[in-house]
Protein chains: 2
Amino acid sequence: MVITRATEYAIRTIIYLAKQPRNEIVLKKDICRTQNVTPAFLTKILQPLIKVGIVSSQRGVGGGFLLAKDPEEINLLDILQAEEGELNLNHCLVDDDVCERDKHCSAHEVWQEAQNEMIKVLCRHSIADLVKIEKVKVESLGLG
Amino acid sequence: MVITRATEYAIRTIIYLAKQPRNEIVLKKDICRTQNVTPAFLTKILQPLIKVGIVSSQRGVGGGFLLAKDPEEINLLDILQAEEGELNLNHCLVDDDVCERDKHCSAHEVWQEAQNEMIKVLCRHSIADLVKIEKVKVESLGLG
DNA sequence: TATCAGTGGTTATTACTCGAGCAACGGAAT
DNA sequence: ATTCCGTTGCTCGAGTAATAACCACTGATA
């Protein structure tokens, strides 16, 4: 299992924020209520997203959270790496010096290739895309 | 980090076995010495491979391990899944009922796509391929 | 301007699970 | 009896998931 709960909640949260009118500040408790996360945990999850500039926050009365970037400019890899750090299939991919077997280990290249393919997919889909897909899904549910 | 040490040692071991003359029985301690694994840990690692029929074993004097399948017929996904169980990027991919959000969760499809791409790569390379690649690597090291 | 309620920010702690490895004993083959 | 592998259970450490206590900022208002 690669994706943690934190990453999953983070993605839900960002999609939720992306659905709000642009520049509208959203309360933490509203995110919690709609996305089924506890406030304490959501606090922890949002901090890395703020650090990398995906979300911005406003303290004090009337404060809350909002997207700091255009949904077109955010992809799933950005969020995953903000929450979990660099994505690495195997420790020998962390950097070229970690594994002294690199020189003759043939599996190394396969891990690298698999990781690259995975990253390509995660980069290909922006949050804006996902919001569109959700709208279509919700509509088709309404019809069915 | 998706790949565990057990999987990595398992792959090393299988490549080692594949390099031996066909049907030659190899002692556990020879595997340990050449692949830098402790006997106790290797014991644990080999059992799942035996269970799924990749490796077979022989007890008693003159016993040991050998490949039960043609190296052409073994790929990295086989080994990985023998050691770690079904590969799943996220818990919502385990089966369609786990995540009650499936119906409207757009990320689900991205995880599925990323996982499929990864699996494709892991299936594409047989142990026989890896052995060939290692030979080439070793030769080029000898020249350098 | 002092203050207070409403907000997010930071840090520490807990419980739990899983990866990694070890060791002791059991069972089969010769 | 000896030489092998097989099974089981254990420990230790790291990482996930979540909680809680306390801190810092903002803005309204007394």
Side-chain angles (χ1 to χ4, degrees), chain A residues 1-13 17 24-33 35-68 80 82-91 94, chain B residues 1-13 17 24-33 35-68 80 82-91 94:
Chain A
M1 221 73 85
V2 181
I3 283 73
T4 63
R5 309 280 282 161
T7 300
E8 194 170 327
Y9 292 144
I11 291 170
R12 288 189 200 176
T13 300
L17 292 178
E24 178 157 317
I25 292 183
V26 179
L27 268 173
K28 190 199 283 178
K29 66 179 176 186
D30 289 335
I31 300 174
C32 291
R33 199 176 48 242
Q35 306 307 309
N36 301 310
V37 198
T38 63
F41 196 32
L42 185 62
T43 297
K44 197 176 194 174
I45 290 162
L46 283 168
Q47 292 318 307
L49 300 174
I50 294 169
K51 286 232 171 61
V52 299
I54 294 175
V55 170
S56 64
S57 62
Q58 175 69 43
R59 290 190 190 188
V61 178
F65 302 92
L66 72 166
L67 282 192
L80 190 151
E83 294 294 334
E84 304 180 28
E86 194 77 18
L87 172 62
N88 278 300
L89 232 54
N90 198 359
H91 64 110
V94 174
Chain B
M1 222 74 85
V2 180
I3 282 71
T4 63
R5 308 282 281 160
T7 300
E8 194 170 327
Y9 292 143
I11 290 169
R12 286 189 201 176
T13 299
L17 292 178
E24 179 157 317
I25 292 183
V26 180
L27 267 172
K28 190 199 280 177
K29 67 177 176 187
D30 289 335
I31 301 174
C32 291
R33 200 176 49 242
Q35 306 308 309
N36 301 310
V37 197
T38 63
F41 196 31
L42 185 61
T43 297
K44 196 176 195 172
I45 290 163
L46 282 168
Q47 292 317 307
L49 300 174
I50 294 169
K51 286 231 170 64
V52 300
I54 294 175
V55 170
S56 64
S57 63
Q58 175 70 41
R59 294 188 188 187
V61 178
F65 301 91
L66 72 165
L67 281 193
L80 190 149
E83 294 294 334
E84 305 182 27
E86 194 75 18
L87 172 63
N88 278 300
L89 232 56
N90 198 358
H91 64 110
V94 174

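Quick note on labels: first sequence line is chain A, next is B, and so on, each numbered from 1.
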Letter by letter from the 5' end, nucleotides 4-16 of chain C scores (B base, S sugar-phosphate only, - none; protein heavy atoms under 4.0 Å) --BBSSB------

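Under 4.0 angstrom from either OP1 or OP2 of C:dA20 there lies at least one side-chain N or O belonging to B:Thr4. When the side-chain nitrogen and oxygen atoms of A:Tyr9 are compared with OP1 and OP2 of D:dA18, one or more of them lie within a distance under 4.0 Å.
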Just do the side chain to side chain contact (heavy atoms under 4.5 Å, CB included) check on B:Arg33 and B:Asp30 with the steps written out, would you? CA-CA 5 Å; B:Arg33 200 176 49 242; B:Asp30 289 335; 2.8 Å; yes

* To do: Show the numbers, then the answer: is there a side chain to side chain contact (heavy atoms under 4.5 Å, CB included) between B:Gln35 and B:Tyr9?
  => CA-CA 7 Å; B:Gln35 306 308 309; B:Tyr9 292 143; over 6 Å; no

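Atom CG in B:Leu42 sits roughly 12 Å away from atom P in C:dC22 (whole-Å rounding). Atom CD in B:Glu83 sits about 15 Å away from atom C1' in C:dC18, given to the nearest Å. Rounded to whole Å, the distance from CZ on B:Arg5 to C1' on D:dA14 is 14 Å. Rounded to an integer number of Å, the gap from B:Glu8 CD to C:dG19 C1' is 14 Å. In this entry the distance linking CZ of B:Phe41 with C1' of D:dC5 reads 18 Å, nearest Å. With rounding to whole Å, B:His91 atom NE2 is found 14 Å from D:dT16 atom P. Rounded to whole angstrom, the span from the CG atom of A:Asn90 across to the C1' atom of C:dG19 amounts to 13 Å.
When all heavy atoms are compared, the tightest approach of B:Ala6 to B:Ile45 is O-CG2, 3.8 Å.
Between B:Leu17 atom CG and B:Leu49 atom CG the span is 9.0 Å, to the nearest 0.5 Å. Summarising the geometry, atom CG belonging to A:Leu87 is positioned 7.0 Å from atom CG belonging to A:Leu89; distances are rounded to the nearest 0.5 Å.
Two residues are said to be in side-chain contact when any heavy atoms from C-beta on lie closer than 4.5 Å; B:Val2 and B:Thr7 fail this criterion.
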